Amino acid sequence: KMNGKVKPYKSKSHSKGQSFDDLWYIVKSGTETIFKHKESKLSFESLYRQVFLICNQKKHVELLKRLDECVKQQTAIIRHNLERASELGNAQLISALRKEYSNFCLSALKVNDIMLFLNRSYLLKQNMEVVYMRALFLFESDVVMIPALNCTIQNALLQLLESDRDGCTIERLEVKSCATMMLQLGRNGDNSIYEMSLEKPYLESMTSYYRQAANENLECMKLSDYLLFVKQMVMEEDERCSACLHNSTHIRSLQLCYTELVIMKINDILQLPNGLNTIIEQCKVDDYLLLLDVFISMASKIFPLLSNDGMRPQTAIIAFVEQFAYHSLLGVLQTIKSEKATSKHVISCIQASFDLQKSLTTLCSKITQTKFRNTFQSSTLNGFARAFTTDSQSAEYLAAFMDEKLKRGIKELTEEGLEEMTSVIIQLFRALPDKDMFERFYKQFFARRLLLSKSASNDAEQLIIQKLKFECGSVFTNKLEKMFADIEKSATIMSEFKDHLCATSQSPEFVLNLRILTSHSWPALAKVSHYVLPPSLQHTADQFESFFDNKFSGRKLMWKHTLGSGELTCKFSLSNKRHIFVVTTPQMMVLLQFPNVKGARLSFEEIQSRTNMDDDSLRRVLLSLSSGKFRVLSKEGSPKSIESSDAFHVNEKFKSKMVKIKIPQIVSRSSQQETKEKIDSSVMEERKYAIDACIVRIMKMRQTLNFNNIVIEVCNQLTKRFTPQSTTIKRRLESLIDQEFIARDDNNRTVYHYVA
């Protein structure tokens, strides 16, 4: 067995007798032929071998120097060709640059393959660039970065991009190729050539263009047109950058375009004709969706998540909506104050705020981003809340408006419409700072609706109560629910009373429909009256009292006749026509005092002695019956005032085409004012107790707390009912100190301790 190794064949050196110059001449000829794109007489292997032989002679440096000179000769030719092309136009120059660079790269790659042995044996070992990269660097320094030619190329590219922006057709692929060339020519991944020669000047010219375009269009466009213009510009810029420039420029150009068209002009955009205020007032959903698309969706795509610039359009909308809601409601409240408006005018003014809130609710529902939708709702709430705090009667106005809606405003609404209406009303209520004041006024109106059967829908009433309960808790609506229960119980009791009359064969002269109310659940709408009823009415009332005493032992009835009403059928001799008068119980009592005798007269004092009414109440009742449109009674003297010496008789000349006539009652303004003052004083008194209880709860839990923290915690706990002032809290703290619930710290007077 034989052992050994197979060694590679060592060829004899072919460099003997061949000088460096002879070998270089062959390599140079082949290289020039490659750059001229002609067919070489020598094969690739032959040229490679010549380079190999030169390297074996240790002539690496000289070979590299000669090769650089050869490449420079080619770049000089290319530079000359580009200078000639620039005289023909921008498009021709860029096209020529693309072709020259493409051909140069192809030739450089072939030369790099020939010089492969030089790359491996010398350049890479010396940490130097390979032949191909050296060729590109020479193209960069001798062609692209020559100052005059670089300026010409830069201007040509910018003018072509500007032409594209102006709507002209250009060869975008040529521009993209030149941009790619500049990126490839950078050393070690450096993009400085591209950035300095193309990106920076392009962004500067683009910024100037869009700034001028924004100024010009804002002067002549309405909001929707300008938003469409912005969308069109951003879309075109997106397409242009994608087709012509690098991705880094693409992103920055879109951001600059959006910044100049939108961010820098946000306030001007929102104030354009038919702007955001018109969108809100007229509920222009399409324009609003367009605004959201440009201000929200587009900004989120162009800018990084939650960046300052990306959030500015959203912030601007929120600020505008809050200010718009504030000024709109403030204007309504000031109008009511300045004109000393009637109840109808108050309702019409609040209706404008209701319509505004309804429009804002509709627009808010179109927002898809949850966070922005919540912020939008909060801004609306804050705007209305700021306006409500400027008028102490805001709670009364809103309660009166809700009363009108629940009496007349829901008759033709569907279930969806009713739900929408109640939701909008509750949103207005949510902005009220004094919800406890609203509760008192709403309870007054609610009681009258129930007692006078003025409510358009019990379902709507219950829906409102449910929503109020959800907002403020069961304590807020507890009495409202009991009032509803009393009305239902009253209907059951009256049904049982009728059955009782039938069973005992009693036939009352009047048909009663009473409301039996629990005293502590209902507001004090009227004082307990001690009027003397006519015998016919008193007999029926006595029958009911007897029935009630037998059914409910231990309960006492207190009559409030001023809240009652009834119907009287009358026939006048002159017209011989029957009329049904809808009157209040006091009006009925007065009319029943007149005997069924023609010409019978009763003096003011006689009527008063028979009915036991006080002067003021009787005067208002007689004035309603003897003056105005329906004069059932007549008297001598001025019909506009009632004197103690006046005598009254039935107006036999009474005529009317109407069969059923409602005689309005005259309400004393002083009594209305007294009612409001009582509500205000009772609410203020209850607030004292609420603040006291809240402070005691907090101090019992914390034991020691300073004044500022007490104010913060009290406000947080009571904000669902009212917002207490710090001065009020301070007074209640002094009161609790006097009652020895808390004590002030001896060393720090702003610190309090719980001692009870």
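Count residues from 1 along the sequence. Note that this is a predicted model, so its numbers are computed, not measured.
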Closest approach of [X] and [Y], non-hydrogen atoms and distance?
X: Leu270; Y: Ala316; value: CD1-O, 3.9 Å
X: Ile78; Y: Phe104; value: CD1-CD1, 3.6 Å
X: Ala387; Y: Leu333; value: O-CD1, 3.3 Å
X: Thr335; Y: Cys349; value: CG2-SG, 4.4 Å
X: Pro313; Y: Tyr258; value: CG-OH, 3.7 Å
X: Ser224; Y: Asp287; value: CB-OD1, 3.8 Å

Once rounded to the nearest 0.5 Å, what's the spacing between atom [atom1] of [X] and atom [atom2] of [Y]?
X: Thr75; Y: Leu138; atom1: OG1; atom2: CG; result: 6.5 Å
X: Ile266; Y: Ile317; atom1: CD1; atom2: CD1; result: 8.5 Å
X: Leu432; Y: Glu471; atom1: CG; atom2: CD; result: 11.5 Å
X: Gln357; Y: Ser359; atom1: CD; atom2: OG; result: 9.5 Å
X: Ile302; Y: Cys257; atom1: CD1; atom2: SG; result: 7.0 Å
X: Ser141; Y: Lys72; atom1: OG; atom2: NZ; result: 7.0 Å

Quick check: do [X] and [Y] have side-chain heavy atoms less than 4.5 Å from each other?
X: Met182; Y: Ile153; answer: yes
X: Ile94; Y: Glu171; answer: no
X: Val332; Y: Tyr397; answer: no

**Prompt:** Does Phe354 have Lys405 sitting over its ring (NZ/CZ under 6.0 Å from centre, angle to axis within 45°)?
**Reply:**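 The answer is yes, since Lys405 meets both limits relative to Phe354.
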**Asked** Yes or no on side chain to side chain contact (heavy atoms under 4.5 Å, CB included) for Leu261 and Lys265, after CA distance, side-chain angles and deciding distance?
**Response** CA-CA 7 Å; Leu261 293 177; Lys265 305 293 182 182; over 6 Å; no
**Asked** Does a donor on one side chain and an acceptor on the other come within less than 3.5 Å for Tyr194 and Thr249?
**Response**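 Result is yes, a qualifying pair exists.
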Under 3.5 Å donor-acceptor, [X] side chain and [Y] backbone:
X: Ser86; Y: Glu83; result: yes
X: Arg98; Y: Glu174; result: no
X: Asp293; Y: Leu289; result: no
X: Ser95; Y: Ala91; result: no
X: Thr723; Y: Thr719; result: no
X: Thr152; Y: Ala148; result: yes

**Message:** Which residue is it: Leu82, Leu149, Leu157? I am looking for the one with a side-chain contact (heavy atoms from CB on, under 4.5 Å) to Leu97.
**Reply:**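 Of Leu82, Leu149, Leu157, side-chain contact (heavy atoms from CB on, under 4.5 Å) with Leu97 is met by Leu82 alone.
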**Request:** Please test Leu88 against Leu93 for side chain to side chain contact (heavy atoms under 4.5 Å, CB included), starting from the C-alpha separation and ending with a verdict.
**Result:** CA-CA 7 Å; Leu88 301 177; Leu93 171 61; over 6 Å; no
**Prompt:** Among His250, His246, Arg252, which residue meets the side chain to side chain donor-acceptor pair (under 3.5 Å) test with Ser248?
**Reply:**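 Testing Ser248 for a side chain to side chain donor-acceptor pair (under 3.5 Å) against His250, His246, Arg252 leaves exactly one candidate, His246.
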**Prompt:** Which class fits the ring pair Phe372 and Phe376: parallel under 30°, tilted 30 to 60°, perpendicular over 60°?
**Reply:**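 The rings of Phe372 and Phe376 stand perpendicular, inter-plane angle above 60°.
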**Prompt:** Parallel, tilted or perpendicular: which describes the rings of Phe438 and Phe429, with under 30° parallel and over 60° perpendicular?
**Reply:**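 Rings of Phe438 and Phe429: tilted, as their planes differ by 30° to 60°.
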**Asked** Would you call Glu237 and Arg240 a salt bridge, using N to O less than 4.0 angstrom?
**Response**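 A salt bridge is present here (some side-chain N lies under 4.0 Å from a carboxylate O).
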**Message:** Would Gln393 and Ile336 count as a side chain to side chain contact (heavy atoms under 4.5 Å, CB included) here? Give the steps.
**Reply:** CA-CA 10 Å; Gln393 292 183 280; Ile336 295 173; over 6 Å; no
**Partners passing salt bridge (Lys or Arg N to Asp or Glu O under 4.0 Å) against Lys467 (at least two apart in sequence or in another chain)** =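 Glu419.
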